[in-house]
Amino acid sequence: MKRVVLFAVICLGVLFSCTDRDDEVNLVNIRVQNSTEVFFSEVRIVENDTVYENIEAGEFSEYMEFERAYAYTALSILTDSTSLNYVPVEMSMDTLPIGFYTYEISLDEENQVNLTFKIDN
């Protein structure tokens, strides 16, 4: 009987000590998705001068935290063979609320950078 009670207490302790990523979010968290066939050696968020490094084709970066960020922002991208830039057509003055987001980067037929903003669950 003691073993059953001890096991139940341990299970409850483990259950309540687990947290998911949303429990401790205090800032805006953004990652970069490389939806191209090109390796990105560097993706720079121009406004914050923040750099994501070494993002393989088709892969995601790690999340980075920002005190202030926007849905669309200027980017500077370095690949093995070239430098690419993205300047948004519209600038939003509304900052993002605390949460998790992805900047999906793709290239069109003319090698122009496209940025798609996504809210992560």
Side-chain angles (χ1 to χ4, degrees):
M1 182 67 176
K2 287 183 181 182
R3 288 184 181 176
V4 173
V5 171
L6 180 61
F7 180 72
V9 169
I10 290 173
C11 288
L12 287 173
V14 169
L15 179 67
F16 287 112
S17 67
C18 293
T19 62
D20 71 9
R21 69 178 188 178
D22 296 337
D23 289 343
E24 298 176 22
V25 177
N26 297 318
L27 297 170
V28 175
N29 292 266
I30 299 175
R31 65 181 176 178
V32 173
Q33 180 181 1
N34 180 353
S35 292
T36 72
E37 295 179 4
V38 180
F39 173 77
F40 293 161
S41 55
E42 180 179 293
V43 175
R44 182 177 302 274
I45 309 297
V46 175
E47 180 179 331
N48 298 359
D49 197 33
T50 303
V51 176
Y52 295 86
E53 295 181 321
N54 303 322
I55 307 171
E56 297 284 339
E59 297 296 323
F60 292 87
S61 70
E62 296 293 322
Y63 283 99
M64 294 182 92
E65 294 183 330
F66 296 87
E67 288 185 23
R68 184 183 65 194
Y70 301 92
Y72 294 93
T73 188
L75 302 173
S76 174
I77 303 165
L78 294 177
T79 70
D80 289 337
S81 60
T82 190
S83 175
L84 304 166
N85 293 302
Y86 172 81
V87 178
V89 177
E90 295 180 27
M91 289 299 291
S92 173
M93 292 298 145
D94 297 330
T95 59
L96 294 171
I98 293 170
F100 290 88
Y101 306 95
T102 298
Y103 290 151
E104 180 183 3
I105 300 171
S106 59
L107 300 174
D108 65 15
E109 300 83 29
E110 298 164 357
N111 245 15
Q112 298 298 309
V113 177
N114 294 315
L115 175 64
T116 304
F117 172 74
K118 295 180 177 180
I119 300 172
D120 299 342
N121 293 327

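These numbers come from the heavy atoms of this one structure, side chains and all, not from hydrogens, waters or symmetry mates. Values in this document were obtained by computation on a predicted structure and should not be read as measured data.
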Specify the closest pair of heavy atoms between Tyr52 and Ile30, including all atoms of both residues, with the distance to one decimal.
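Looking at all heavy atoms of both residues, the shortest contact is OH-O, 2.7 Å.
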Minimum-distance pair of heavy atoms, taken over all atoms of Ala69 and Val28:
CB-CG1, 4.0 Å
Just so I know, are the side chains of Val46 and Leu75 near enough to count as touching, which here means a heavy-atom distance under 4.5 Å?
no
If we only count heavy atoms from C-beta on, is the Phe60 to Thr102 side-chain gap below 4.5 Å?
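In short, these two side chains touch, coming nearer than 4.5 Å.
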Output the distance between atom [atom1] ([X]) and atom [atom2] ([Y]), rounded to the nearest 0.5 Å.
{"X": "Phe66", "Y": "Ile45", "atom1": "CZ", "atom2": "CD1", "result": "5.5 Å"}
{"X": "Met64", "Y": "Asn29", "atom1": "CE", "atom2": "CG", "result": "10.5 Å"}
{"X": "Asn48", "Y": "Thr73", "atom1": "CG", "atom2": "OG1", "result": "6.5 Å"}
{"X": "Thr95", "Y": "Tyr70", "atom1": "OG1", "atom2": "OH", "result": "6.0 Å"}
{"X": "Ile77", "Y": "Leu115", "atom1": "CD1", "atom2": "CG", "result": "8.5 Å"}

Ignoring hydrogens and geometry, is there a side-chain-to-backbone donor-acceptor pair from Asn85 to Ser83 under 3.5 Å?
no
Kindly state each residue pair satisfying salt bridge (charged side-chain N to carboxylate O under 4.0 Å, His left out) with at least one member in residues 57-79, sequence neighbours excluded.
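Applying salt bridge (charged side-chain N to carboxylate O under 4.0 Å, His left out) to every pair that reaches into residues 57-79, excluding sequence neighbours, yields Glu47-Arg68.
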Which pairs count as salt bridge (charged side-chain N to carboxylate O under 4.0 Å, His left out) when at least one residue sits in residues 85-96, sequence neighbours excluded?
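Qualifying pairs: none.
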Where at least one partner belongs to residues 108-117, residue pairs that pass side-chain hydrogen bond (donor to acceptor under 3.5 Å, both in side chains), sequence neighbours excluded:
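Output for this query is empty, none listed.
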Contacts of Thr82 meeting side-chain contact (heavy atoms from CB on, under 4.5 Å) (sequence neighbours excluded), chain-then-number -> Thr79, Leu84
Is there any ring-ring contact (aromatic ring centres under 6.0 Å, His included) pair reaching into residues 101-121, and which pairs are they, with sequence neighbours excluded?
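Every pair satisfying ring-ring contact (aromatic ring centres under 6.0 Å, His included) with a residue in residues 101-121: Tyr101-Phe117.
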Name the atoms and distances for all side-chain donor-acceptor pairs under 3.5 Å in residues 34-44, with sequence neighbours left out.
{"from": "Asn34", "atom 1": "OD1", "to": "Thr36", "atom 2": "N", "distance (Å)": "3.0"}
{"from": "Asn34", "atom 1": "OD1", "to": "Thr36", "atom 2": "OG1", "distance (Å)": "2.5"}
{"from": "Asn34", "atom 1": "ND2", "to": "Val38", "atom 2": "O", "distance (Å)": "2.7"}
{"from": "Asn34", "atom 1": "ND2", "to": "Ile55", "atom 2": "O", "distance (Å)": "3.1"}
{"from": "Asn34", "atom 1": "ND2", "to": "Glu56", "atom 2": "O", "distance (Å)": "3.3"}
{"from": "Ser35", "atom 1": "OG", "to": "Gln33", "atom 2": "NE2", "distance (Å)": "3.4"}
{"from": "Ser35", "atom 1": "OG", "to": "Glu104", "atom 2": "OE2", "distance (Å)": "2.7"}
{"from": "Thr36", "atom 1": "OG1", "to": "Val38", "atom 2": "N", "distance (Å)": "3.0"}
{"from": "Thr36", "atom 1": "OG1", "to": "Val38", "atom 2": "O", "distance (Å)": "3.1"}
{"from": "Ser41", "atom 1": "OG", "to": "Leu78", "atom 2": "O", "distance (Å)": "3.0"}
{"from": "Glu42", "atom 1": "OE2", "to": "Arg44", "atom 2": "NH2", "distance (Å)": "3.2"}
{"from": "Arg44", "atom 1": "NH1", "to": "Asp49", "atom 2": "OD1", "distance (Å)": "2.5"}

Starting from Ile105, can I reach Ile119 by hopping between I/L/V/M/F/W/Y residues whose side chains sit under 4.5 Å apart?
yes
